Amino acid sequence: MTLTMRTIKIALATVLSIWLADLFQLESSLSAGIIAILSVLDTKKASVGTAVERFLSTLLALSIATVLFFFFGYGVAIFGVYLLLYVPLAYRFELQSGIAPCSVLVTHLILAESVAASLLLNEVLLMAIGAGVAILFNLYMPNQEEELEQRLENIEDEMKNVLKSFDESLTEGERPAEMTETFNRLETKLNQAQRLALQEYDNQLFQKSDYYVRYFLMRQEQNTLLRQMSQNLTHIQLTTRESKILGGLFYLTAEQLHELNTGEYLLRDVELLHDHFRESSLPQSREEFESRAILFQLMLDFKQFLMIKRKFSLEVQTTPSLALKWQSK
């Protein structure tokens with residue numbers, strides 16, 4: 001949710017809450033507006049969850065306050081005792097989001113020096129109006145799917161470039177350029193996309209799908225492997241037939257990298273390369289031995305890279321809510 005939209009929602013929710021409280025002739029109607037301000041959050045899930053917590057917290061706070069004020073009066077010291085009892089109980093029952101607004105409502109009892117049923121009902125209604133109006137405004141959340149798709153494509157393009165640089169290093173014998181900044185940038189983009197995906201997921205109250213959350217998590221795992229593979233590439237000293245074959249697989253993968261590609265055929269190609277390694281003649285020098293060992297590790301890491309995507313693809317295909325996403329593309 002953008003700052004502009006959040007500001008508009010807060011302003012409208014606050015004014016409407018105060019207006020409704022005045023319409024019902026409630027005391028301290030401005031408090032309904034303050035509660036609305038506190039209840040306009042970033043996602044539908046957070047708004048609904050917080051509203052329920054605060055309503056239950058209100059009942060807890062007013063119950064404790066009523067007993068204390070009825071038997072011991074309305075002094076500041078008694079308000080302190082109320083806090084000593086209410087705060088730990090609120091945390092115990094995970095209702096701490098209501099501590100501040102509910103305690104404000106309790107101060108109304110102190111100012112009125114009354115715990116009459118009508119006043120208690122007044123405070124409950126203030127909370128219900130403020131939190132309810134906030135939920136009403138938060139029911140509208142802009143769909144982030146277009147933005148998520150753009151981030152998805154951008155991340156895939158970045159990963160394609162990394163794989164193509166691996167191919168150039170192995171087939172042309174050039175030492176790979178320092179890629180720390182590239183991987184850091186990619187990791188930042190993945191983290192941002194994951195946060196957006198989680199926000200979109202929390203805005204789905206019904207028919208929830210965590211497709212994008214899973215997708216970006218999968219790419220994060222692959223990025224970790226690519227970073228590791230990049231470090232191994234710097235230790236290869238010789239260009240061999242095997243290194244050119246592996247480089248060709250990197251290039252082929254870059255050309256085919258796509259969210260809908262299961263990676264099944266690429267895995268078969270890796271298995272063929274694995275067989276070639278087993279059947280090839282023994283290295284004739286220490287440099288060749290070391291390069292062959294690193295290539296073998298690169299191949300294993302690359303296989304794991306493809307297996308991560310394969311696992312994701314199987315999850316999508318076997319989970320109805322996720323399969324619908326692929327079918328719509």
Side-chain angles (χ1 to χ4, degrees), residues 151-152 154-194 213-259 261-278 280 283 286-315:
R151 290 176 182 265
L152 182 153
N154 183 264
I155 286 167
E156 286 184 349
D157 288 341
E158 289 267 12
M159 298 185 84
K160 289 177 182 179
N161 291 333
V162 170
L163 288 167
K164 287 179 178 179
S165 74
F166 286 2
D167 166 52
E168 291 175 3
S169 176
L170 288 173
T171 58
E172 298 177 13
E174 297 180 1
R175 292 182 65 83
E178 174 60 43
M179 300 187 69
T180 301
E181 185 177 341
T182 300
F183 289 116
N184 288 342
R185 182 175 64 249
L186 186 52
E187 185 175 348
T188 298
K189 289 182 178 182
L190 282 164
N191 289 336
Q192 292 172 345
Q194 183 71 296
V213 175
R214 296 193 191 202
Y215 174 84
F216 291 119
L217 181 60
M218 177 269 295
R219 292 302 189 198
Q220 283 176 322
E221 291 182 46
Q222 287 188 315
N223 184 49
T224 299
L225 267 177
L226 288 176
R227 188 190 291 266
Q228 178 179 314
M229 292 163 67
S230 175
Q231 294 171 352
N232 286 334
L233 272 172
T234 62
H235 300 297
I236 294 180
Q237 304 295 325
L238 298 175
T239 300
T240 62
R241 182 168 180 269
E242 290 79 12
S243 67
K244 290 181 178 180
I245 295 174
L246 184 56
L249 283 178
F250 286 148
Y251 184 85
L252 186 62
T253 303
E255 289 294 301
Q256 298 181 14
L257 188 73
H258 190 275
E259 64 172 311
N261 188 340
T262 64
E264 183 175 348
Y265 294 110
L266 289 167
L267 277 168
R268 292 179 185 176
D269 291 336
V270 173
E271 286 298 332
L272 290 175
L273 179 58
H274 195 176
D275 292 340
H276 176 77
F277 263 101
R278 285 198 296 262
S280 59
R286 178 170 179 168
E287 284 186 341
E288 187 180 351
F289 173 81
E290 291 176 349
S291 294
R292 182 85 65 86
I294 296 171
L295 279 173
F296 188 75
Q297 183 60 51
L298 278 172
M299 184 194 66
L300 294 178
D301 289 340
F302 182 51
K303 183 178 180 180
Q304 181 62 25
F305 175 89
L306 296 174
M307 288 295 293
I308 291 171
K309 182 59 166 69
R310 178 63 177 152
K311 179 184 176 183
F312 169 77
S313 300
L314 289 174
E315 288 177 352

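Counting from 1, the numbers follow the sequence of the chain as shown. As the structure is a prediction and not an experimental result, all values here were calculated from the model.
Put simply, the side chain of Asn191 does not reach to within 4.5 Å of the side chain of Phe216, judged on heavy atoms. Between Glu156 and Arg219, the closest side-chain pair of non-hydrogen atoms falls below 4.5 Å. Side-chain contact between Lys309 and Thr262 is absent, with no heavy-atom pair separated by less than 4.5 Å. Between Glu187 and Gln220, the closest side-chain pair of non-hydrogen atoms is not below 4.5 Å. Annotation: side chain of Thr188 is not in contact with side chain of Arg185 (no heavy-atom distance under 4.5 Å). Contact of the Asn161 side chain with the Thr182 side chain is not registered, since no non-hydrogen atoms from C-beta on lie closer than 4.5 Å.
A donor-acceptor contact shorter than 3.5 Å links the side chain of Gln222 to the backbone of Phe305. In terms of modelled atom types and a separation under 3.5 Å, the side chain of Lys303 and the main chain of Glu271 share no donor-acceptor contact. Side-chain N or O atoms of Ser165 include one that pairs as donor or acceptor with a backbone N or O of Val162 at under 3.5 Å. Checking side-chain atoms of Thr253 against main-chain N and O of Leu249 turns up a donor-acceptor pair under 3.5 Å.
Side chain to side chain, Gln297 and Asp301 meet the donor-acceptor criterion of an N or O pair below 3.5 Å. A donor-acceptor contact closer than 3.5 angstrom is absent between the side chains of Asn261 and Arg310. No side-chain donor from either of Glu158 and Asn223 sits under 3.5 Å from a side-chain acceptor of the other.
Atom CG of Leu226 is separated from atom CE of Met159 by 4.5 Å, given to the nearest 0.5 angstrom. Rounding to the nearest 0.5 Å gives a distance of 8.5 Å between CG of Leu267 and CZ of Phe302. If you take CG on Leu246 and CG on Leu170, they are separated by 5.5 Å, rounding to the nearest 0.5 Å. Note that the CG atom of Leu306 and the NZ atom of Lys311 stand 15.0 Å from one another [nearest 0.5 Å]. Between the CG atom of Leu257 and the CG atom of Asp157 there is a distance of 9.0 Å, given to the nearest 0.5 Å. Here OG1 of Thr224 is found 8.0 Å from CD1 of Ile308. Values are rounded to the nearest 0.5 Å.
Under a cut-off of 6.0 angstrom, the local environment of OH in Tyr251 is sparse, with at most 12 non-hydrogen atoms contributed by other residues, nucleotides or ligands.
Using cut-offs of 30° and 60° on the angle between ring planes, the pair Phe183 and Phe166 is tilted.
Using a 4.0 Å cut-off between charged side-chain N and carboxylate O, Glu264 and Arg268 make a salt bridge.
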| task | For Asp167 and Lys244, run side-chain contact (heavy atoms from CB on, under 4.5 Å): C-alpha distance rounded to whole Å, both residues' side-chain angles, the deciding distance at 0.1 Å, then the answer. | result | CA-CA 8 Å; Asp167 166 52; Lys244 290 181 178 180; over 6 Å; no
| request: Kindly determine whether Lys164 and Glu255 satisfy side-chain contact (heavy atoms from CB on, under 4.5 Å), including the steps that lead there. | output: CA-CA 9 Å; Lys164 287 179 178 179; Glu255 289 294 301; 3.1 Å; yes
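In terms of the side chain to side chain donor-acceptor pair (under 3.5 Å) criterion, residue partners of Arg214 (sequence neighbours excluded) are, by chain and number, Asp210.
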